[in-house]
Structure formats: C-alpha cells, structure tokens
Undergrad: 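Once you've had a glance at the structure underneath, I'll fire off some questions.
Whatever order the structure lists ligands and atoms in, that order sets their numbers, starting from 1. Side chains included, hydrogens not; waters and symmetry mates left out as well; all remaining heavy atoms used.
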Amino acid sequence: MRQLRRLDRAPAGPGSSGPRDLMFSVLPGCVRFSLHCYARLKGHPQAQELIGAIAGGPRRSLKAAAGGQLRAKKRRLSWPALTCAPRSLDFAGGADDLQLSLDLSNRLPRSVLHMMKFGIGQSPPRFEDARLLRGEGRFLNDRTLPNQAHAVFLRSPHARARILGIDIRRATALPGVLAVLTGEDVASDRLGTIPMTLRRKRPDGSPMFAPPHPGLVRDEVRYVGDPLVMVVAESVEVAKDAVERVAVEYAPLPSVTDTLAALAPGAPIVWDQCPDNISNVFELGDHAAAASALAQAAHVVRRRYVISRVYAHFLETRGAIGEYDPGEDRYTLYADVQYPHRVRNALASHIFKIPESKIRVIAGDIGGGFGTKGWQYVEHRLVLWAAKKLRRPVRWSSDRSEAILADEHARDNVTDAELALDADGRMLGLRVCTSANVGAYISSDRNLLATFANVHTLTGVYAIPAAHVRVTCVLSNKHPTAPYRGAGRPEAIYVIERLIDDAARQLGFDRIALRRANIIPSSAMPYKNALGANYDCGEFADNMGAALRLANFHSFPERLKRSSERNKLRGLGIANAIERAAAPGFEFGEIRFNPKGGAMVLMGTKSQGQGHETIFRQIVHERLGLDPADIQYIDGDTDRVAFGMGTMGSRSTVIGGTALWIAADKVIAKGKKIAAHLLEAASEDIVFAEGRFGIVGTDRAITIKEVAQAAFQPGKLPPGFEGGLYETGTFSPAQDTFPNGCHVCEVEVDPETGAVALVAYSVVDDVGTEINPTGLKGQIHGGVAQGVGQALLERVAYDPDSGQPVTGSFMDYAMPRADTTCSIKAESRPVPTQLNPLGAKGAGEAGTVGALPAVINAVIDALVPLGVNPADIEMPATSERIWAAIRNARGR
Ligand code: MCN
C-alpha cells in the first residue's frame, strides 16, 4: 500500500490565482496510496478544476467546492500522473475549507513518488510559513498580558561620565507612573550578575579583568546607551514622559572608542581598575613553530586587516515581558531569546539566586536572532524584578532607534597577519595578532566568544604546518560585543583568504594555483590543523573546482572586456570557507505520543526563522514514517520542554536532529515489543520500516499509529509492561563538524563614483547531508546577504572625540537591500560526516563565513589594475572609500 498525502499548502496571497505550493508525502513500500487534500478554497475559483485534475474525473461530490487551481511545480509532481480513478472519495469542511480525501488504487511511477517524499533531503514548503504569512505568528509584540505595565529605560547620553546625582522626584510624581527604579534599588535588592567561567589572564599574568553589567549603573556610565534608570508606568507614553523628567547630574570624562587608540599609552581609561584597557589575552597554536617558519621562509607576507563593528538588525526588535505569580512565588519571562533554558538557568542561579523551578521562560516566534539574542541582557532580569515589586506584568519593547543603544554589537577587530611561504609558494606558517574591541562590559563568557571560540580555522582549508594566534581583548567606551552570525568564523576566513590574494599579488603567483598548491587533499582526512581543529571530512579542492565552474570562471575575461567597454571595472573574488559548527554540548528532543496515536515533538532548540518546525518533522517522518500533519511541534518553553541548550553556532540540525533521532530509536525499540505482543510474534522477529512494524518474512504488519494507540490501553499490552509511548534523546557530539565551501563573487565598480554593484555570486557548499535543500539554500542566501552587507555597507561608527554613535538610524547605518545583492547561485556538494547518524554538518552561518573575503577580494581585484593599493580597501567598501582609493592611485 502506498500512501500519498497532501499535507498543507502555503496560503495564496491577495491577487494570487491559487494555491502556490502543494506538498505530499509518500510512504513507500505500500501497494495503494491515498491522497488527502486540505485546501483553503476562498478566493480560488478554480478549485474544482484542481480537484478534478487530481481525481481524474469525478466531480460529482465536489459541487460545494469552489476555488483552487492546480499548478504543478517544476520539481514536484507531474499532475497528469495522478489521473487515475479513485476508489473512494469524500470531503468535509466548511465554506472556506475543504478536506478532500481520495483513496486511489496504484499507480504513480516510483520517480514521482520519490519526488513527493517528505523525509530527509526533500524540500516541502515550511510548515511555519502558512501561519507566519497569515499574520498568525506569536511574536513578543503579539502578546499582551492582562493589567500589564510598561517599562522605558533612561540610557546614558555620555560615552563616559561620573554620575553625581539622580533626581527622580518629578518623574515619580507624574500621574500613571508606577515605579522609578535606579542602580541603588538594584544594589539594595542584591540582584546578582553572571559569573565568568573562562579563566583568562592579562599580559602581566594577573587574572582577567571582566566587569559585568549590574543591570542599572549607579556610579559611572561607560558607553552611550548604558542603562541607569527604569521607569514603569501605565503606558509607554507616560513612561517616556517620565524618563524625560529624571534629572541626572553627570560629570563627563574622556572616552575612547577606537581599538588601537584604547591600547595607546596615555589613552582614556574605561575602568580605573584596568589602566591599560586590556581585559585579557587569548593564545592558541605553537608560537615557536610559527616564529621559526617565518624566520626561515623564502617569503613573508605581512598585512593589517580591519573588521568593522556591525550589529544584528533583527526584523523584530528585542523585548521582554516579566510576570510574577505570588501564589506560586514564580516568575515567567516572555522574551525573544535563543536559549530559553539557559536564560532560566542564568536568571535563577545567578541573578535571583532561586531554584530554577521558580522561573519559566517562554519564547514564541522570533523575528531573527543571528546569535545576538542571547541570555544576559539586563532587561530580562529587570522586567521580572519590577513585576514582582509591582505585582503586575511589566513589558519592555525596544523600538528601532533604541535598538542600537540597547543591543550588543559584534565583530570589531584589527588584525596583523603574517604568512610564511617557500620559494615555490608552499605555505609554511601563519602568525596572527588580533586586537578585539569588546566594549565596556563583559557580562558573561558569551561576550568574549567571538574572540576565541572560532579562531581555530584561521588556517582555512590549507595545509599550513605551523600557526599561532594571539587575541588581545580591549575595553573601550562602546557597547559590549556578542556573537553575530559566524562569531569569529567570518573574521578568521577573511584573514586567510585576503592574505592569500595579497601573497599571490606580492609574489607573482596565480591566486587559484596558490590555493590549489596548499589546499588539504581529501586523502589527508581526517586532518588536524595547526590550531587544533580536527577536520573529519571534506573535498576542498573539488569544491573550489565546482564553484569556479558554477561561476563560469573560464569566461571571466570576456565579461571583464564587456564591462570595460562600458567604462566599468570588473573584479572576481574567491574565498574557500571552512568553519567549526555544532560544537560539543547537549541538545534535547522528545517524541511524545498521545492515546490517539498522534505525536508531539518537543525540542530544546529555538527557531528564530531557520525553519525548525519543518526539518524536525522531516527527521521524525524519515525515522518513524509518521504523517507530518499528525505531529505537533513545540519549542521555546522551559515548562513544556525538559531541557535545552538552544540555537546558536549552527548546531540545531546536527545536535537537535540527532537527539530526535535517538528518541525515535527508543520509540522503535519499545514499539517492537508492543507490536510483537499485538501480532503474537517474538519481538526479535519484528522489523520496523516506513512507519510499520511487521513480522519478518510475512505481510503481517501494523502501523506505528496503531502501536502508539495500543501503548495507552493496558489490555493490549503484555502483563506488567510499562504503558505510554514518550521517549527522549539527549546528545552531544564528540567534536565539531566542519562545513566548508567555496564562494566566487563578481563585482562591477564605477571608476567615476566608486559605486560597487554585485553582479554574480556563486557558492558551492558542503554541509553534509542536506535535510531540506530549499531551507538550506535560504540559509546560504541569507548568510551571504549578511556578509555582503558588512563587506559593502554596514558599520557602527562612533565619533572619536565624544564617543557618540553616529549611525543611530537607517539614514546613517546602511542596511543591505534587495538591490545590494544579486541572484545567488548555490550548489551543494555534500560529503556526509560520520560524526552523527544524520551525516549532517551545520549550515546556518556558512553563507556569511565566505562572503566577507569573497566580496572584498572581488572589489580589490577590480581596482588593482588602476594601481589602487589593496591596503586602502577595507570593509565596508563604500563608494566613498573606493572613490578616495582610486583618486589616491591616480595621484590626485
Ligand atoms: N540545514 C539543512 N541541512 C543541514 C544543515 C542545515 O537543510 N545539514 C538547513 C535547515 O533548514 C535548518 C537550517 O539549515 O533549519 C539551519 O540549520 P543549522 O545549521 O543547524 O543552524 P541552526 O538551526 O542552529 O541555526 C543557527 C544559525 C545561526 S548560528 C545564526 S546566527 C543564524 C542562522 O542560523 N541566525 C538566523 N540562520 C538564521 N536564519 C534566520 N532566518 N534567522 C536567524 O536569526
């Protein structure tokens, strides 16, 4: 029996002519199939035709159905193949919704059935999209609690100033104001901070200086935006008025924002206790080996690269609602956080010092997180604290202009890199010294993550036998930094891939030949690089070859010629990317059946837009053959999900997916025992395949749904057998996976204005087994766009004298838009890893990792023929910078 099921379709938008996406699943191994069509018919006048086409004729019972049109999608089903007589047909539903259920005997070709499969490697439309596109998502701002009050923060207007006094009397007196809270209140209520677990040293060997943010400051402000007063009122408007009535007496002090300026002797000091502004130093690799390689090399290429400061402009700005239940003496935090369980742990263990059971964290839909919606934002603790004081829910919701002041920023470093090569261009050693600007506070390990966790791939995909990196974490009067898509990975690949282009130019090598000569061959796998990363598998040279083919590299000279005929410069940039993804650390998944045989999947990961609801259903469908429509998906609630580490570091698919795989294995193991009892066979004779438990060598079988139903009926179980069917999986991999790929970017530059147009972009990526190829492409595209944004446009800029951020709105902070990018060709060359049963590697950051160097290398490639010094081109490569570099080259 074959079963073919219509699962869902994306809603048609206004003006569209009918259902856009039709999705089916097939459970192979069956003789017949049935087809269920759930169509929302309103506004789709051709539904009858659709149904007729599916059913191959019978429209007799469809007269109530109006609307719907069938449009075969290229890679999906060919509709004529479905024109076969139904054995039975029935429908149900109201005026707007129709559920069509066809039971058709036979006959879809195997190839068609394969295309319609829902499991791993298929690209069904995302389950979450219908809800999200209809505006039925549950984002934080969709949530309103009865009697909620509103919080607004007073943030420092100075980069550094001593607070001489705070007068809240006029604010408190404003009608509608419920509370005006200051750093004194935080201190007297003894709210804690999150301790550092990293044990770092300063250059003189003394312990790391890592000052956490207290929540609200009371003595001194240290960056523009530093929160010092929280007003809670009946409405946001009243709270904002009250904030303006708070009188703070400041004594401004000199500030420093630039990284190298903060390190200079006599620089303004961010913290009196740390006179050199150096928080700590991190080192990795073999210093002596790298030094000796540099000393003995025929050539050494030395360059300085600057990675600009950017920040994640989520579609949904951050927010939090705190609620306190005095009856249960329990807090609930509603917030757009990436790791609900870790937020709960941090709040309970370190901020409030109460049992974890006293806090529930709920994260609904999240409009983008990008690594930056982490756990230690002070607003989380403050809304809970205020809610308990006021016995009312307290909401804070950042608006777009507050976001740049309230959110953590990312990247921001200056790197000096040296590459040693022999006379033939073989790479011998790499030495890297980075000064990373970490801002004014270090409130948890997370704030330092990008400075150390991903430097291991600085040697890229190349066999460089000796390497050493030293990262100096520099305090400044800027916002703290946090992980942001890639969190050190793009920075690492930026350094090595620019350095190779610079080496090729300086020494007269062909840039591709130089890469090929040094690339780690797949025969060398597993390969431990000089910084300790253990690359388990990968075909780096083949990826580069495939990417160059995809980009039509051989015909680049013709395109170059055509561009120059139009007085445009053209450049092509290459970057081989590799990254650590899905680092060891537990993740959790649960499959919980109900007595009707449906299942709930509960995950410790938290989707922020990646499409988890779809991929985890795919994995469960693949393993258990469950109808995805029978699966309810839950994440982001610490009361409902037993445990979780959350979503970051491109870990959810690999680690969460494997946890779910383990849970499914346990379901099968228990299911076999139940099936054996029901089929009166020995459990060793039961085999499970495609959703059915059968007796080996016979056609006697029952479905997993029937087994699940039996699990809740004592009479159907062996005597003394534990009933129920709910299994969990908790998994931590032995090591990171290493997704890799090659990016080829082409740009056109207008030599008169310096304007850059991205004209072609190709990526070949290896993320191991692709769970959902379309979702994956979306991730690659989104990641590339984020990299392109940083390479060409984005930068958080500060006025060096006052320390004021001068890119406070989208008028000054240049966000990439659709017309900044071009059509991105993404092709997969998966080399499945053995590190997890899925064979998957992480993918969520891969696009960004290669994009920074590919774009900048392309821009430089375009400009070098004009005599532009590559050192004059740093990110963001704005038209103004390029124009100035061209003028410089022309000696004007
Ligand atoms: N995928 C796949 N096959 C694989 C790996 C991944 O098909 N072998 C696809 C799946 O569709 C999966 C998605 O890629 O849902 C991302 O999977 P994964 O690499 O496991 O990454 P995570 O789900 O853990 O997401 C984290 C990652 C990171 S670190 C950032 S930053 C980022 C990113 O995802 N932030 C995002 N992508 C984002 N996408 C959106 N829309 N919003 C964000 O905030």
Side-chain angles (χ1 to χ4, degrees), residues 119-129 132 312-316 318 336-339 363 365-374 410 449-450 453-454 482-490 579-583 585 587 603-619 633 635 644-660 733 736-741 765-787 826 828 830-833 835-836 838-849:
I120 290 174
Q122 302 296 313
S123 289
R126 303 196 323 168
F127 264 87
E128 44 273 79
D129 284 350
L132 296 175
H313 287 85
F314 329 102
L315 266 182
E316 181 197 20
R318 284 194 312 110
D336 47 346
V337 292
Q338 296 178 214
Y339 344 120
D365 288 313
I366 297 182
F370 306 110
T372 313
K373 284 188 175 166
L449 196 108
N454 296 305
Y484 169 66
R485 208 164 193 170
R489 301 164 179 90
E579 62 184 280
R580 298 172 80 190
E587 197 43 81
M603 294 301 303
T605 49
K606 180 72 206 93
S607 192
Q608 311 131 42
Q610 294 91 344
H612 288 176
E613 192 172 336
T614 303
I615 60 150
F616 290 131
R617 274 192 166 101
Q618 286 180 259
I619 292 171
Y633 180 76
D635 69 6
M645 293 291 280
T647 287
M648 69 277 164
S650 304
R651 70 192 298 274
S652 307
T653 308
V654 169
I655 311 184
T658 304
L660 207 49
D736 315 67
T737 61
F738 287 92
N740 57 88
D765 59 78
D766 161 18
V767 301
T769 306
E770 298 169 86
I771 306 301
N772 183 317
T774 301
L776 174 64
K777 271 206 173 75
Q779 287 293 309
I780 300 289
H781 287 185
V784 167
Q786 243 163 326
S828 250
V831 180
T833 173
L835 293 167
N836 59 72
L838 296 164
K841 307 172 186 177
E845 293 155 292
T848 315
V849 175

Undergrad: Give the residue and atom name of whichever protein heavy atom lies nearest to atom 10 (C) of ligand 1, and the separation in Å to one decimal.
TA: Ile615 CG2, 3.7 Å
Undergrad: If I apply the N/O under 3.5 Å rule, does Gly611 come out as touching ligand 1?
TA: no
Undergrad: For ligand 1, which atoms have a heavy atom of Gly842 less than 4.0 angstrom away?
TA: 19 (O)
Undergrad: Need the ligand 1 atom indices (1-based, order shown) with element for anything under 4.0 Å from a heavy-atom of Ala840.
TA: 8 (N)
Undergrad: Over all heavy atoms of both residues, which pair between Ala843 and Leu776 is shortest? Give the atoms and the distance, please.
TA: CB-CD1, 3.4 Å
Undergrad: Considering heavy atoms of the protein only, find what lies nearest to atom 5 (C) of ligand 1 and give residue, atom and distance to 0.1 Å.
TA: Lys841 O, 3.4 Å
Undergrad: Considering heavy atoms of the protein only, find what lies nearest to atom 34 (O) of ligand 1 and give residue, atom and distance to 0.1 Å.
TA: Gln610 NE2, 3.2 Å
Undergrad: Find all atoms of ligand 1 within a distance of less than 4.0 Å from any non-hydrogen atom belonging to Gly609, and give their numbers and elements.
TA: 40 (C), 41 (N)
Undergrad: Does any N or O in the side chain of Gln338 come within less than 3.5 Å of the main-chain N or O of Gly371, such that one atom is a donor and the other an acceptor?
TA: yes
Undergrad: Hey, are the side chains of Asp765 and Pro739 touching, using non-hydrogen atoms and a 4.5 Å cut-off?
TA: no
Undergrad: Which atoms from ligand 1 have a heavy atom of Thr647 less than 4.0 Å away?
TA: 22 (P), 24 (O), 25 (O), 26 (C)
Undergrad: Under 3.5 Å, side chain of Asn454 to main-chain N/O of Ala487, donor-acceptor pair present?
TA: yes
Undergrad: Would you find a donor on one side and an acceptor on the other, under 3.5 Å apart, between the side chain of Gln618 and the backbone of Ile771?
TA: yes
Undergrad: For atom 17 (O) of ligand 1, find the nearest protein heavy atom and state the residue, atom name and distance (0.1 Å precision).
TA: Thr653 OG1, 3.0 Å
Undergrad: Compute the minimum heavy-atom distance from Gly649 to ligand 1 and say whether it is under 4.0 Å.
TA: yes
Undergrad: If we count only N and O atoms by modelled type, under 3.5 Å, do the side chains of Ser650 and Glu845 hold a donor and an acceptor together?
TA: yes
Undergrad: Hey, is ligand 1 close enough to Arg651 that some N/O pair sits below 3.5 Å?
TA: yes
Undergrad: Numbering the atoms of ligand 1 from 1, which are under 4.0 Å from a heavy atom of His612?
TA: 15 (O), 22 (P), 23 (O)
Undergrad: Short question: side chain of Arg489, backbone of Arg580 - any donor-acceptor pair under 3.5 Å?
TA: yes
Undergrad: Main chain of Val831, side chain of Lys841: is a donor-acceptor contact present, judged purely on distance under 3.5 Å?
TA: yes
Undergrad: For Glu845, counting its heavy atoms only, list the atoms of ligand 1 lying under 4.0 Å from any of them.
TA: 28 (C), 29 (S)
Undergrad: Out of Lys777, Glu587, Gln779, who gets a non-hydrogen atom closest to atom 37 (N) of ligand 1?
TA: Gln779
Undergrad: Has the side chain of Arg651 got a donor or acceptor atom that lies under 3.5 Å from a matching backbone atom of Gly646?
TA: yes
Undergrad: When you measure from atom 19 (O) of ligand 1 to every protein heavy atom, which one gives the shortest distance, and what is it?
TA: Ala843 N, 2.6 Å
Undergrad: Check Thr769 against ligand 1 and report side chain, backbone, both or neither, counting heavy atoms closer than 4.0 Å.
TA: backbone
Undergrad: Report the nearest protein non-hydrogen atom to atom 22 (P) of ligand 1: residue, atom name, distance rounded to 0.1 Å.
TA: Ser652 OG, 3.5 Å
Undergrad: When you measure from the side chain of Glu316 to the backbone N and O of Phe314, does any donor-acceptor pair fall under 3.5 Å?
TA: no
Undergrad: If only atom types and distance count, is the side chain of Arg485 paired as donor or acceptor with the main-chain N or O of Gly787 below 3.5 Å?
TA: no
Undergrad: Among all protein heavy atoms, pick the one closest to atom 2 (C) of ligand 1 and tell me residue, atom and distance.
TA: Ile771 N, 3.6 Å
Undergrad: Out of all atoms in ligand 1, which are within 4.0 Å of some heavy atom of Gly369? Include the element for each.
TA: 43 (C), 44 (O)
Undergrad: Taking side chain as C-beta onward, heavy atoms only, is His612 less than 4.5 Å from Thr647?
TA: yes
Undergrad: Regarding ligand 1, does Gly844 bring an N or O atom to under 3.5 Å of one of the ligand's N or O atoms?
TA: yes
Undergrad: Do side-chain atoms of Thr605 reach the backbone of Met645 as a donor and acceptor pair under 3.5 angstrom?
TA: no
Undergrad: With no hydrogens and no angle check, is any side-chain donor or acceptor of Thr737 less than 3.5 Å from a backbone partner on Ala581?
TA: yes
Undergrad: Please could you name the atoms of ligand 1 that Gly371 approaches to less than 4.0 Å, counting only its heavy atoms?
TA: 31 (S)
Undergrad: Could you check atom 43 (C) of ligand 1 against the protein and tell me its nearest heavy-atom contact, residue, atom and distance included?
TA: Phe370 CE2, 3.2 Å
Undergrad: Judged by modelled atom types alone, do Glu587 and Ser652 share a side-chain donor-acceptor pair under 3.5 Å?
TA: no
Undergrad: Of the choices Ser650, Gly368, Gly646, which has the non-hydrogen atom that lies closest to atom 21 (O) of ligand 1?
TA: Ser650
Undergrad: Is any N or O atom of Arg485, backbone or side chain, closer than 3.5 Å to an N or O atom of ligand 1?
TA: yes
Undergrad: Using a 3.5 Å cut-off on N or O atoms only, is Glu770 in polar contact with ligand 1?
TA: no
